[in-house]
Amino acid sequence: MALALTGRGRGVLEPYPRGARLALWPLRFLPEAPRLRAIEWGISRVLGRAEREGLRLGALPRWCVAQYPPGKYPAIIVGAPSGGIAHLGGLLGAPFLTASFLLSFRHKIEPDDLQSYCRFGAELAERLLQDGEDFEAVNHYDPLHDRPLVKQADLLRFRLIRLPRAYREFIEANLAPGGYLVLSDCAYPWPQFRLGERSFLQVGGLGGMSPEEFLARWSLPLPLEERPESEWGCPPGLAEDGRRFARAFGLRLLELRFAHPQESSPLAYRAYLAAGGKKDELMLDCFTYISPLTNSLTGVPALWLPYNDRGSLAFAGRFLEGKSFRRIYLTLVPSFTRAPDAVAFAEWAKLLAPHGRVEPLGLDPLRYPADPWAPFAYNSSLIQLRAGCSRRLRLAPQALEGLTKELSPW
């Protein structure tokens, strides 16, 4: 989001060390099995960089607001993240103050060892939460979609349960008079094990498998509670505190409520058209492989896919019914694992072909989903698309408010 507003940042290349480009190019020519082993080794070198000693959760909201320069913004977004929200923020010229922060801590285990994963994360969360009264912790264990990751590191997501001081001060100082506070409130549910007063563990996540299917294979003898999903949900306490803050300061509040993170996507697509985007082109982007800067500069509307799974394939199919485009750009996040709910590139191409000419962005069909060069190819494709483009699409918050009142799902 900050990249869309400031033009600064590396996008999908942010997690990669500067020398990774040269190291990863030859790996793509290996057979898949040794290629995956090499990728896993690389993950082990870069994951888990968060230092346990000296880490203070209160620094996370301050880091977030520091991504945006001071100014008078027409809108500021607070709450649950999603690709659709990122696109809306780019169109509005609005900073996004996220509800959650994902940190990884190096911890090597066998990927199916839930007990060790839980024990390590629970102890770490308990200590860190002592200095984080604004937070809850969700230890996220997904041995299917994140299998190469959980072998190397514990993934802890710290979520805000109230509006922190850094956010309040940023909004007071930088929201333009008459500007909108936009609340992204996603209620997408997922069962979580309670580990402590503000500490939870989630098994699995959004994709083509249900929570029940995950829990049939990986479970714990602990109480389960249905709560907003770790990655995409908005903690109710944060949403309510945002509403109270808006009332107390007389701010114009626009609430975007979603039952599923993908519901933000068609709203963002309509917003691109309302801002003057091209009606005969479409970009399907996926998970973290998004670039609101590219879409706002080229005028190509985006439809964000939460993941590369069958649920997203069905979602795209419903959207495309009765539509045709001159060109459809497609990118899919490289998951570096063969999860059972993943969809092959050929199936995506088959779905899209009747609706327009398909142009992959950074996708090598022969190496997907385990192409170590994919992020660099994707980034290069975006740069080429933006070449020569200087006029950005912009949408007024009032126009977005009008779009939210439309009843049609598309």
Side-chain angles (χ1 to χ4, degrees), residues 12 14-16 32-33 35-50 81-83 100-122 124-125 137-159 188 190-193 195 200-220 227-233 261 286-290 305-312 332-343 368-372 374-375:
V12 296
E14 202 70 47
Y16 292 84
E32 184 170 288
R35 195 187 330 146
L36 287 172
R37 287 195 295 270
I39 291 170
E40 187 175 307
W41 180 86
I43 289 173
S44 73
R45 307 305 297 172
V46 299
L47 266 185
R49 288 183 168 181
S82 71
S100 63
F101 301 86
L102 178 64
L103 300 180
S104 62
F105 300 87
R106 187 168 286 121
H107 179 228
K108 292 179 71 68
I109 62 168
E110 290 299 316
D112 295 306
D113 188 357
L114 173 56
Q115 293 282 354
S116 295
Y117 192 92
C118 175
R119 184 167 54 250
F120 179 88
L124 189 53
V138 183
N139 197 10
H140 197 155
Y141 172 78
D142 190 338
L144 291 184
H145 305 116
D146 295 335
R147 197 168 187 83
L149 308 183
V150 300
K151 292 173 69 174
Q152 307 294 339
D154 197 285
L155 307 178
L156 270 171
R157 186 168 280 109
F158 292 96
R159 308 201 304 180
Y188 183 59
W190 201 275
Q192 295 170 3
F193 293 102
L195 306 180
F200 305 86
L201 180 137
Q202 177 175 311
V203 175
L206 187 149
M209 291 184 64
S210 69
E212 292 74 22
E213 289 175 292
F214 275 103
L215 292 173
R217 293 181 60 180
W218 298 279
S219 191
L220 293 169
R227 309 182 70 249
E229 198 269 346
S230 164
E231 191 165 9
W232 309 111
C286 183
F287 194 50
T288 56
Y289 275 49
I290 61 174
L305 307 171
Y307 206 54
N308 57 11
D309 65 299
R310 296 207 166 273
S312 290
L332 298 168
V333 63
S335 51
F336 305 122
T337 183
R338 293 279 179 183
D341 57 350
V343 178
Y368 176 80
D371 183 4

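For clarity, every value in this text was computed on a predicted model and none was experimentally measured.
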dist Leu201:CG -> Trp218:CH2 (nearest 0.5 Å) comes out at 13.0 Å
Are the side chains of Tyr307 and Ser335 in contact, using a 4.5 Å heavy-atom criterion? yes
Show the nearest heavy-atom pair for residues Pro261 and Leu206, with the distance to one decimal. CG-CD1, 3.5 Å
Using side chain to side chain contact (heavy atoms under 4.5 Å, CB included), reason through Val203 and Phe193 one step at a time and then give a plain yes or no. CA-CA 8 Å; Val203 175; Phe193 293 102; 3.9 Å; yes
Tell me every residue that passes salt bridge (Lys or Arg N to Asp or Glu O under 4.0 Å) with Arg37, counting only those two or more places apart in sequence or in another chain. none
Minimum heavy-atom separation for Ile109 and Ser116, please, with both atom names. CG2-CB, 4.0 Å
Could you tell me whether the side chain of Leu220 reaches within less than 4.5 Å of the side chain of Gln115, counting heavy atoms only? yes
Quick one: list whatever passes side chain to side chain donor-acceptor pair (under 3.5 Å) with Asp154, sequence neighbours left out. none
For a quick test of reading the model, state the closest non-hydrogen atom pair linking Gly233 to Arg159 and the distance between them. O-NH1, 3.7 Å
Just jot down the side chain to side chain donor-acceptor pair (under 3.5 Å) partners of Ser312, sequence neighbours excluded, or say none. Asp309
Kindly write out the residues that satisfy salt bridge (Lys or Arg N to Asp or Glu O under 4.0 Å) with Arg227, not counting sequence neighbours, or none if the list is empty. Glu136
Backbone N or O of Ala370 within a donor-acceptor pair of the Arg35 side chain at under 3.5 Å? yes
Rounded to the nearest 0.5 Å, what's the gap from CZ on Arg119 to CG on Leu195? Could you check? 12.5 Å
To the nearest 0.5 Å, tell me how far Leu144 CG sits from Phe214 CZ. 4.5 Å
Pairwise salt bridge (Lys or Arg N to Asp or Glu O under 4.0 Å) hits with a residue in residues 140-151, at least two apart: Glu40-Lys151, Asp112-Arg147
With sequence neighbours excluded, residues passing salt bridge (Lys or Arg N to Asp or Glu O under 4.0 Å) with Asp113: none
Qualifying residues under ring-ring contact (aromatic ring centres under 6.0 Å, His included), relative to Tyr117, sequence neighbours excluded: Tyr141
Are a donor atom and an acceptor atom from the side chains of Tyr368 and Asn308 found within less than 3.5 Å of each other? yes
By side-chain contact (heavy atoms from CB on, under 4.5 Å), Thr288 pairs with (sequence neighbours left out) Val333
From Phe158 atom CZ to Ser230 atom OG, the distance as rounded to the nearest 0.5 Å: 11.0 Å
Check salt bridge (Lys or Arg N to Asp or Glu O under 4.0 Å) between Glu110 and all other residues, then give those that pass, not counting sequence neighbours. none
The criterion is side chain to side chain donor-acceptor pair (under 3.5 Å); which residues satisfy it with Arg217, sequence neighbours excluded? none
Within the 4.5 Å heavy-atom criterion, are Asp371 and Pro334 side-chain neighbours or not? no
Over all atoms of both residues, closest heavy-atom pair of Ala122 and Asn139: N-ND2, 4.3 Å
Under the rule for ring-ring contact (aromatic ring centres under 6.0 Å, His included), what residues qualify as partners of Tyr289, not counting sequence neighbours? Tyr378
First locate atom CG of Leu102, then atom CG of Leu156, and finally report the distance between them rounded to the nearest 0.5 Å. 8.5 Å
Has the side chain of Glu231 got a donor or acceptor atom that lies under 3.5 Å from a matching backbone atom of Ser100? no
dist Asp341:CG -> Met209:CE (nearest 0.5 Å) comes out at 7.0 Å
For a 4.5 angstrom cut-off between non-hydrogen side-chain atoms, does Arg157 reach Gln202? no
With sequence neighbours left out, what residues match Tyr188 under side chain to side chain donor-acceptor pair (under 3.5 Å)? none
Might you point out which heavy atoms bring Ser82 and Trp232 nearest each other, and give the distance in Å? CA-CZ3, 3.8 Å
If every non-hydrogen atom of Phe200 is compared with every non-hydrogen atom of Gln192, which pair is closest and at what distance? CB-OE1, 3.7 Å
